[in-house]
K.L.:
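Have a look at this one.
Sequence lines set the chain letters: A, B, ... in the order given, protein chains first and strands last, and positions in each chain run from 1. These numbers come from the heavy atoms of this one structure, side chains and all, not from hydrogens, waters or symmetry mates.
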Number of protein chains: 2
Amino acid sequence: MRDIDIAEVAGLSGVRASTLRFYEEKGLIASHGRRGLRRLFDPAVLDRLALIALGRAAGFTLDEIGRMFAPDGRPRIDRKMLATKADELDRTIRRLNAMRDGLRHAAVCPAPSHMECPTFRRLLRVAAAGKMETPKKEPAKSRRKS
Amino acid sequence: MRDIDIAEVAGLSGVRASTLRFYEEKGLIASHGRRGLRRLFDPAVLDRLALIALGRAAGFTLDEIGRMFAPDGRPRIDRKMLATKADELDRTIRRLNAMRDGLRHAAVCPAPSHMECPTFRRLLRVAAAGKMETPKKEPAKSRRKS
DNA sequence: CTGCCAGTTCAAGTGAACTTGAGGTCAAGG
DNA sequence: CCTTGACCTCAAGTTCACTTGAACTGGCAG
């Protein structure tokens, strides 16, 4: 059996069926045919989904990711863009490090109020100054097979 | 002059007036009175905004941040929550580091296609496996005084 | 043959964090 | 006094990435 159906893709990739349909509609993945109504996918879709997950994790939007695939479907990733994103990640990481240290300190700081702690106030300045990419909450993660 | 008006707060904090009104509506900040229609703020609102920026940067939602202030307005920050968030940040940072390294590699990788590069494939597995907090795009940053 | 159930479509809803638009008000400057 | 312009309110719109609901279809087990 060459092709796998949407439930299998969902099972193997951890991506929900509704998301797979959404991705297909967006042109991020393509189904290869149908058995009845059921979409059939080439197993290579799993690589594609991994690629999409990678892009998302690196901070690309779905549209940006979509643009990384040539119209014929081959991934054609701009190396310069990758380097740029890496630099961006680097800056984000540096800030998050400062944040984490500050939070960690604040958690054990003996000052009666956080506002009286010099370390905390320094942290505040970092936060107020540097507009950073704000991390987002995880996507609800409602479990399938409820 | 004790109090400062919304334009000054915006200027000093870099937070747009519309955002300040939004924050006030949400109960995150409070204006102290009016001159005519104009809100007047206590300069301490600047600390408050820094605190909010810090919370956002650390990945708290506005609602969570709101809950960090006691109803009387004093910041009462749960140290355990801070530590938890620090740990969370730590995990995020580790992943982002892996991402950055992978992206950096992919940017210079000599393999003809990224899919043929073992490092890239390893990166793919990291991304596919680890559901991480996905960084979000910066908030539009449209300049005032258009 | 028949009914189930997992799939399908399409439109609309969600939530976070704001921004924008329309229409109104008011303190200050000329 | 009257205009001006920055502020006001309230409702609705925006973006992103999905999820949900209602109504429907069709392969397969019994």
K.L.:
My understanding is that only residues two or more places apart in sequence, or in another chain, count here; which of them pass salt bridge (charged side-chain N to carboxylate O under 4.0 Å, His left out) with B:D101?
P.N.:
none
K.L.:
In chain order, what residues pass the salt bridge (charged side-chain N to carboxylate O under 4.0 Å, His left out) check against A:R104, with sequence neighbours excluded?
P.N.:
B:D87, B:D90
K.L.:
Can you identify which nucleotide, out of D:dT9, C:dG7, D:dC18, has its nearest atom closest to the A:T19 side chain?
P.N.:
D:dC18
K.L.:
Would you indicate what B:S18 reaches in the nucleic acid, counting non-hydrogen atoms under 4.0 angstrom: base, sugar-phosphate, or nothing?
P.N.:
base
K.L.:
With a cut-off of less than 4.0 Å, is there a side-chain N or O of B:R16 near OP1 or OP2 of C:dT20?
P.N.:
yes
K.L.:
I'd like to know if A:L37 and A:L20 are part of one continuous hydrophobic network [Ile/Leu/Val/Met/Phe/Trp/Tyr, side-chain heavy atoms within less than 4.5 Å].
P.N.:
no
K.L.:
Please enumerate all residues that pass ring pair (Phe, Tyr, Trp, His ring centres under 6.0 Å) together with A:F120, with sequence neighbours excluded.
P.N.:
A:H114
K.L.:
Which residues pass the salt bridge (charged side-chain N to carboxylate O under 4.0 Å, His left out) test with A:R21, not counting sequence neighbours?
P.N.:
none
K.L.:
Starting at the 5' end of nucleotides 22-30 of chain C, put B wherever the base has a protein heavy atom under 4.0 Å, S where only the sugar-phosphate does, and a dash everywhere else.
P.N.:
--BBSS---
K.L.:
Which atom pairs, one a donor and one an acceptor, fall under 3.5 Å between side chains of residues 38-45 of chain A and the rest of the protein, sequence neighbours left out?
P.N.:
| residue | atom | partner | partner atom | Å |
| --- | --- | --- | --- | --- |
| A:R39 | NE | A:E24 | OE1 | 2.4 |
| A:D42 | OD1 | A:A44 | N | 2.8 |

K.L.:
Taking any heavy-atom pair under 4.0 Å as a contact, classify A:R21: base, sugar-phosphate, or nothing.
P.N.:
base
K.L.:
Could you work out which one of C:dT8, D:dC8, D:dA17 sits closest to the side chain of A:R34?
P.N.:
C:dT8
